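Notes for the one structure printed next.
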Amino acid sequence: MSNSFIIDCALCKAKVAAIETGRTVQKGFDDEIGEPYGYMILVGNCPICKHILVGEMELIDYDRYDNCERWSDVVRVYPKPPKTFSSSRIPRVVKDSLNEADRSLQSGANIAACVMLGRALEALCRDILSPPASTFIPVAPPIPAAPPKKIMLGEGIEKLKEKKIIDDRLYDWSQQLKAFRNLAAHPEDISISREDAEDLQTFVYAIVEYVYDLTDRYEEFKSRVKTYTT
Ligand SMILES: [Zn+2]
């Protein structure tokens with residue numbers, strides 16, 4: 001009997017037991033963190049639509065005494081690989097939230113995905129709108145001040161529009177995401193379709209791309225053009 005692995009089929013939009021046709025593993029020991037690491041790539045076909053599916057697993061735990069390994073769930077890397085961004089300014093919390101949202105979507109957890117997408121956008125608002133930490137060191141002991149109020153999603157979206165960091169269309173998408181995030185974050189009896197959650201994911205990707213990647217790229221372009229013309 002052939003091996004199979006559970007993976008989200010991007011065409012069937014469902015978890016399937018893909019028929020495995022090949023795998024490769026890379027394992028080693030990370031001296032810096034003093035832990036073993038491992039990656040496994042699995043190749044197979046969807047049993048329903050027969051499409052090629054490639055997934056990746058990560059080694060989560062290794063028990064030396066029992067020689068027992070624990071691997072993560074399979075995350076699809078082909079087709080529709082996880083989205084990547086080029087800007088180095090994107091905070092880790094934004095990226096982590098987007099990854100978590102994608103994993104939730106792939107496992108059919110649409111409500112969790114919406115919560116994570118909202119978290120990503122809220123983190124973007126805080127990063128873009130919060131003033132950078134002051135490097136000024138006072139001579140006298142500082143007067144204890146109340147910690148600065150953290151920007152919440154609704155207020156953040158309004159400010160992004162006010163400061164023209166996002167345009168009207170991105171603002172509308174953000175409002176939709178906020179509405180779904182609010183529904184998802186409260187213990188109401190709701191369901192969110194995969195289609196809606198995937199659309200919201202596309203909107204958040206567009207906002208992140210616009211605010212970070214495209215802005216960086218345009219700045220680079222401008223400074224390059226300036227060197228030709230001066
Ligand atoms: Zn399929």
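For clarity, every value in this text was computed on a predicted model and none was experimentally measured. When a ligand or atom number is given, it counts from 1 through the structure's own listing order.
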Do the side-chain N and O atoms of E58 and Y37 include a donor-acceptor pair separated by under 3.5 angstrom?
no
If you measure from the Lys or Arg side-chain nitrogens to the Asp or Glu carboxylate oxygens, is any gap between R217 and E220 under 4.0 Å?
no
Is S4 reaching over with its side chain to a backbone N or O of E20, donor-acceptor style, under 3.5 angstrom?
no
Below 4.5 Å, heavy atoms only, C-beta onward: do E155 and K149 meet side chain to side chain?
yes
Run through the protein N/O/S atoms less than 2.8 Å from the Zn ion (ligand 1) and write them out by chain and number.
C9 SG, C12 SG, C46 SG, C49 SG
D8/R194 ion pair, N-O < 4.0 Å:
yes
Does a salt bridge link R119 with E100, judged by any charged N lying under 4.0 Å from a carboxylate O?
no
